[in-house]
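Below: one structure, written as structure tokens.
All values below were derived from every heavy atom in this structure, side-chain atoms included, with hydrogens, water molecules and symmetry-related copies excluded.
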Amino acid sequence: MKVKNIIKIACNFVGNDDIVTSIENGSQNERIDNILKLFNLVRNEVVSEYMPMLAREAFEVKDLKVSFSSFAKKPLEIMSVKDKLGRNVKYKSFPDHFMTQASKVFVTYSFLPEDATLEDEIEDCLPERVYAYGLARECLLQEGMFEDAEIFEIRFKNSLKIFTRKKSEIILPRRRWI
């Protein structure tokens with residue numbers, strides 16, 4: 001899904017037709033830059049609180065520590081540290097590195113995505129409408145329309161609950177002949 005399509009949907013929700021027209025004309029202005037920042041804010045909220053983006057990397061441990069600067073992406077939270085046999089390894093985290101006793105570790109961690117531009121495609125399992133609800137909420141909050149923003153807040157949170165809930169198999173009892 002394209003970022004500009006999400007922005008268009010959100011602008012239609014809140015009645016910012018001039019931004020939609022500017023996007024369709026291909027012009028870039030301060031209002032579009034602002035709404036793009038709001039979109040990245042909403043996307044970071046989704047990734048950090050509801051649907052983390054995960055990466056896994058292997059590291060050779062030097063002097064019992066691994067620096068966070070050696071990661072391909074900036075880590076948000078370390079989910080697991082395992083040795084080469086797949087066993088969990090104890091580690092201690094510090095602001096700029098973590099320490100462990102193992103010589104080679106595989107680290108699974110969450111990270112924030114890079115800021116999207118207007119023409120970017122984002123791969124996500126959430127539909128455009130969910131992001132548009134969050135973006136509409138942010139636009140309305142910025143304009144001081146708190147009651148209207150609350151409506152989109154409820155829609156945004158409810159949509160996220162639906163898409164992030166665990167879906168389990170429904171097993172019905174066996175039918176019996178009478």
Contact summary for [X] and [Y], nearest pair of heavy atoms:
X    : Y    : answer
F111 : V47  : O-CG1, 3.5 Å
A72  : Y109 : N-OH, 3.9 Å
A58  : K104 : CB-CE, 4.2 Å
V89  : D83  : CG2-N, 3.3 Å
C125 : M51  : SG-CE, 2.8 Å
F106 : R56  : CB-NH2, 3.3 Å

When rounded to the nearest 0.5 angstrom, what is the spacing between [atom1] in [X] and [atom2] in [Y]?
X    : Y    : atom1 : atom2 : value
L64  : S103 : CG    : OG    : 10.5 Å
Y91  : S80  : OH    : OG    : 7.5 Å
I162 : L126 : CD1   : CG    : 11.5 Å
E123 : M1   : CD    : CE    : 8.0 Å
E77  : S93  : CD    : OG    : 10.0 Å
L36  : I19  : CG    : CD1   : 11.0 Å

Considering only heavy atoms from C-beta outward, does the side chain of [X] approach that of [Y] to under 4.5 Å?
X    : Y    : value
V42  : F156 : yes
D18  : N16  : yes
K2   : D120 : no
T108 : V81  : no
N44  : P113 : yes
F146 : E153 : no
Q142 : N34  : yes
F68  : I78  : yes

Cluster link [X] to [Y], ILVMFWY, side chain under 4.5 Å:
X   : Y    : value
M53 : V130 : no
V46 : L141 : no
M79 : L76  : no
V20 : Y133 : no
M99 : V61  : no

Do NZ/NE/NH1/NH2 and the carboxylate oxygens of K157 and E45 come within less than 4.0 Å?
yes
Please determine if R43 and D124 form a salt bridge, counting it only when a charged side-chain N lies under 4.0 Å from a carboxylate O.
no
Taking atom [atom1] of [X] as the centre, report whether more than 12 heavy atoms of other residues, nucleotides or ligands fall under 6.0 Å from it.
X    : atom1 : answer
N88  : CG    : yes
E49  : CD    : yes
E121 : CD    : yes
Q101 : CD    : no

List the steps, then state whether side chain to side chain contact (heavy atoms under 4.5 Å, CB included) holds for I9 with N12.
CA-CA 5 Å; I9 294 169; N12 286 331; 5.6 Å; no
So I6 and E128, side chain to side chain contact (heavy atoms under 4.5 Å, CB included) or not? Walk me through it.
CA-CA 5 Å; I6 295 169; E128 293 174 339; 3.9 Å; yes
Starting from the C-alpha separation in whole Å, work towards a yes-or-no answer on side chain to side chain contact (heavy atoms under 4.5 Å, CB included) for S69 and D96.
CA-CA 8 Å; S69 62; D96 61 343; over 6 Å; no
Apply the test side chain to side chain contact (heavy atoms under 4.5 Å, CB included) to residues F13 and R129: give CA-CA distance (whole Å), side-chain angles for both, the deciding distance (0.1 Å), then the verdict.
CA-CA 10 Å; F13 285 159; R129 188 179 263 331; 2.9 Å; yes
For a quick check under 3.5 Å, do S22 and N25 share a side-chain donor-acceptor pair by atom type?
no
